[in-house]
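Below: one structure, written as C-alpha coordinates.
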Amino acid sequence: MSEKKTGVLGGFKAFLMRGNVIDLAVAVVIGAAFTNIVNSVVKGVINPVVGAFGTKDLDHYASCLKGPCDKNAAGEVTKGVFIQWGTVLSATLTFLITAAVVYFLMLLPMKRWQDRQAAKAPAAPAKETELELLTQIRDALVEQRREPGADAVPAQR
(Lines give C-alpha, C1' and ligand atoms only; values in the text may rest on other atoms or scores of the structure.)
Protein backbone atom coordinates (compact mmCIF):
# COMPACT_ATOMS: atom_id res chain seq x y z
CA MET A 1 0.00 0.00 0.00
CA SER A 2 2.87 2.40 0.71
CA GLU A 3 4.22 1.74 -2.80
CA LYS A 4 0.89 2.86 -4.27
CA LYS A 5 0.90 6.01 -2.15
CA THR A 6 4.48 6.78 -3.13
CA GLY A 7 3.57 6.17 -6.76
CA VAL A 8 0.60 8.50 -6.61
CA LEU A 9 2.52 11.18 -4.71
CA GLY A 10 5.50 10.71 -6.99
CA GLY A 11 3.27 11.06 -10.02
CA PHE A 12 1.67 14.19 -8.57
CA LYS A 13 5.11 15.66 -7.86
CA ALA A 14 6.23 14.87 -11.41
CA PHE A 15 3.07 16.54 -12.74
CA LEU A 16 3.72 19.68 -10.70
CA MET A 17 7.36 19.86 -11.71
CA ARG A 18 6.63 19.76 -15.44
CA GLY A 19 7.70 22.93 -17.14
CA ASN A 20 4.32 23.64 -18.68
CA VAL A 21 2.49 23.52 -15.32
CA ILE A 22 4.93 25.98 -13.79
CA ASP A 23 4.76 28.18 -16.89
CA LEU A 24 0.97 28.16 -16.65
CA ALA A 25 1.08 29.20 -12.99
CA VAL A 26 3.44 32.06 -13.80
CA ALA A 27 1.20 33.13 -16.70
CA VAL A 28 -1.88 33.23 -14.45
CA VAL A 29 -0.11 35.40 -11.87
CA ILE A 30 1.26 37.78 -14.51
CA GLY A 31 -2.11 37.83 -16.27
CA ALA A 32 -3.87 38.85 -13.06
CA ALA A 33 -1.41 41.68 -12.49
CA PHE A 34 -1.64 42.71 -16.13
CA THR A 35 -5.43 42.84 -15.92
CA ASN A 36 -5.16 45.48 -13.20
CA ILE A 37 -2.90 47.58 -15.43
CA VAL A 38 -5.26 47.34 -18.40
CA ASN A 39 -8.30 48.15 -16.25
CA SER A 40 -6.47 51.21 -14.93
CA VAL A 41 -5.62 52.36 -18.45
CA VAL A 42 -9.23 51.93 -19.56
CA LYS A 43 -10.63 53.75 -16.52
CA GLY A 44 -7.94 56.43 -16.37
CA VAL A 45 -7.29 57.15 -20.05
CA ILE A 46 -9.83 55.59 -22.40
CA ASN A 47 -12.98 56.38 -20.42
CA PRO A 48 -12.11 60.09 -20.04
CA VAL A 49 -11.38 60.34 -23.78
CA VAL A 50 -14.72 58.72 -24.55
CA GLY A 51 -16.22 60.86 -21.80
CA ALA A 52 -15.23 63.99 -23.71
CA PHE A 53 -18.18 63.13 -25.94
CA GLY A 54 -20.55 62.31 -23.09
CA THR A 55 -20.06 60.92 -19.60
CA LYS A 56 -16.75 59.70 -18.15
CA ASP A 57 -18.23 56.47 -16.84
CA LEU A 58 -19.05 54.17 -19.73
CA ASP A 59 -21.41 52.24 -17.45
CA HIS A 60 -23.83 55.16 -17.72
CA TYR A 61 -24.27 54.66 -21.46
CA ALA A 62 -27.54 52.79 -21.87
CA SER A 63 -30.56 52.73 -24.11
CA CYS A 64 -34.15 52.06 -23.24
CA LEU A 65 -35.35 49.00 -25.11
CA LYS A 66 -38.87 48.93 -23.75
CA GLY A 67 -40.05 52.14 -22.21
CA PRO A 68 -40.70 54.29 -20.51
CA CYS A 69 -37.51 53.59 -18.52
CA ASP A 70 -36.86 54.86 -15.01
CA LYS A 71 -34.06 54.33 -12.49
CA ASN A 72 -34.09 55.05 -8.78
CA ALA A 73 -31.43 57.02 -6.88
CA ALA A 74 -29.31 53.85 -6.44
CA GLY A 75 -29.21 53.37 -10.22
CA GLU A 76 -31.45 50.31 -10.24
CA VAL A 77 -33.95 49.96 -13.05
CA THR A 78 -37.47 50.42 -11.70
CA LYS A 79 -39.39 50.61 -14.95
CA GLY A 80 -38.67 49.48 -18.51
CA VAL A 81 -35.81 47.48 -20.02
CA PHE A 82 -32.37 49.07 -20.26
CA ILE A 83 -29.63 47.89 -22.62
CA GLN A 84 -26.36 48.87 -20.94
CA TRP A 85 -24.15 49.02 -24.01
CA GLY A 86 -21.59 51.21 -22.25
CA THR A 87 -20.56 48.28 -20.05
CA VAL A 88 -20.11 46.11 -23.14
CA LEU A 89 -18.09 48.88 -24.83
CA SER A 90 -15.83 49.18 -21.77
CA ALA A 91 -15.25 45.40 -21.65
CA THR A 92 -14.56 45.36 -25.40
CA LEU A 93 -12.01 48.15 -25.09
CA THR A 94 -10.34 46.33 -22.21
CA PHE A 95 -10.17 43.14 -24.28
CA LEU A 96 -8.78 44.92 -27.36
CA ILE A 97 -6.11 46.70 -25.34
CA THR A 98 -5.13 43.46 -23.61
CA ALA A 99 -5.00 41.57 -26.90
CA ALA A 100 -2.93 44.31 -28.57
CA VAL A 101 -0.41 44.44 -25.73
CA VAL A 102 -0.10 40.65 -25.60
CA TYR A 103 0.37 40.46 -29.36
CA PHE A 104 2.75 43.39 -29.86
CA LEU A 105 4.78 43.07 -26.67
CA MET A 106 4.83 39.30 -26.19
CA LEU A 107 3.86 37.19 -29.21
CA LEU A 108 5.42 39.24 -32.01
CA PRO A 109 8.85 39.58 -30.34
CA MET A 110 8.79 35.86 -29.43
CA LYS A 111 8.00 34.92 -33.03
CA ARG A 112 10.81 37.12 -34.34
CA TRP A 113 13.23 35.54 -31.87
CA GLN A 114 12.14 32.03 -32.89
CA ASP A 115 12.54 32.93 -36.57
CA ARG A 116 16.09 34.18 -35.90
CA GLN A 117 16.90 30.99 -33.99
CA ALA A 118 15.52 28.88 -36.83
CA ALA A 119 17.59 30.84 -39.36
CA LYS A 120 20.77 30.18 -37.32
CA ALA A 121 20.13 26.44 -37.11
CA PRO A 122 21.52 24.36 -39.97
CA ALA A 123 18.89 23.15 -42.37
CA ALA A 124 17.99 19.50 -42.04
CA PRO A 125 18.58 17.41 -45.14
CA ALA A 126 15.46 17.03 -47.21
CA LYS A 127 13.66 13.79 -46.52
CA GLU A 128 12.67 11.63 -49.40
CA THR A 129 9.02 11.56 -50.22
CA GLU A 130 6.97 8.41 -49.97
CA LEU A 131 6.73 8.25 -53.75
CA GLU A 132 10.50 8.39 -54.15
CA LEU A 133 10.97 5.62 -51.57
CA LEU A 134 8.37 3.43 -53.26
CA THR A 135 10.09 3.99 -56.61
CA GLN A 136 13.42 2.88 -55.13
CA ILE A 137 11.81 -0.25 -53.64
CA ARG A 138 10.18 -1.08 -56.97
CA ASP A 139 13.49 -0.67 -58.80
CA ALA A 140 15.27 -2.91 -56.28
CA LEU A 141 12.60 -5.62 -56.66
CA VAL A 142 12.79 -5.43 -60.45
CA GLU A 143 16.58 -5.75 -60.25
CA GLN A 144 16.27 -8.86 -58.04
CA ARG A 145 13.86 -10.59 -60.44
CA ARG A 146 15.88 -9.87 -63.54
CA GLU A 147 17.50 -12.83 -65.29
CA PRO A 148 21.26 -12.83 -65.11
CA GLY A 149 22.34 -10.85 -68.15
CA ALA A 150 25.54 -10.55 -70.05
CA ASP A 151 27.01 -8.02 -67.68
CA ALA A 152 25.95 -9.87 -64.54
CA VAL A 153 28.31 -12.30 -62.82
CA PRO A 154 26.74 -15.79 -62.62
CA ALA A 155 26.11 -17.07 -59.15
CA GLN A 156 28.31 -19.96 -58.03
CA ARG A 157 26.70 -23.05 -56.60
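This structure is a prediction, so every number in the text was calculated from the model and none was measured.
- Residues L93 and V49 do not share a hydrophobic cluster, defined by chaining ILVMFWY side chains whose heavy atoms lie under 4.5 Å apart.
- Considering only heavy atoms from C-beta on, T129 comes within 4.5 Å of E132 through its side chain.
- Between the CG atom of D70 and the CZ atom of F82 there is a distance of 7.0 Å, given to the nearest 0.5 Å.
- A distance-only check finds no donor-acceptor pair linking the side chain of S90 to the backbone of G86 [under 3.5 Å].
- Side-chain contact check for C69 versus K79: every heavy-atom pair is 4.5 Å or farther apart.
- Atoms CD1 and CD1, on I30 and I37 in that order, are 10.5 Å from each other to the nearest 0.5 Å.
- Judged as a side chain to side chain contact (heavy atoms under 4.5 Å, CB included), and not counting sequence neighbours, the contacts of E130 are L134.
- Y61 is not listed as a side-chain neighbour of L89, based on a closest heavy-atom distance of 4.5 Å or more.
- Here side-chain hydrogen bond (donor to acceptor under 3.5 Å, both in side chains) pairs that include residues 100-112, with residues two or more places apart or in two chains, are K111-D115.
- Taken together through direct or relayed side-chain contacts under 4.5 Å among Ile, Leu, Val, Met, Phe, Trp and Tyr, F34 and L96 form parts of separate hydrophobic clusters.
- There is no path of hydrophobic side-chain contacts, each under 4.5 Å, that joins V102 to M110.
- Rounded to the nearest 0.5 angstrom, T92 OG1 and W85 CH2 are separated by 11.5 Å.
- Here the side chains of T35 and T98 are not in contact, with every heavy-atom distance at 4.5 Å or above.
- Judged by distance alone, the side chain of Q136 and the main-chain N or O of L133 form no donor-acceptor pair under 3.5 Å.
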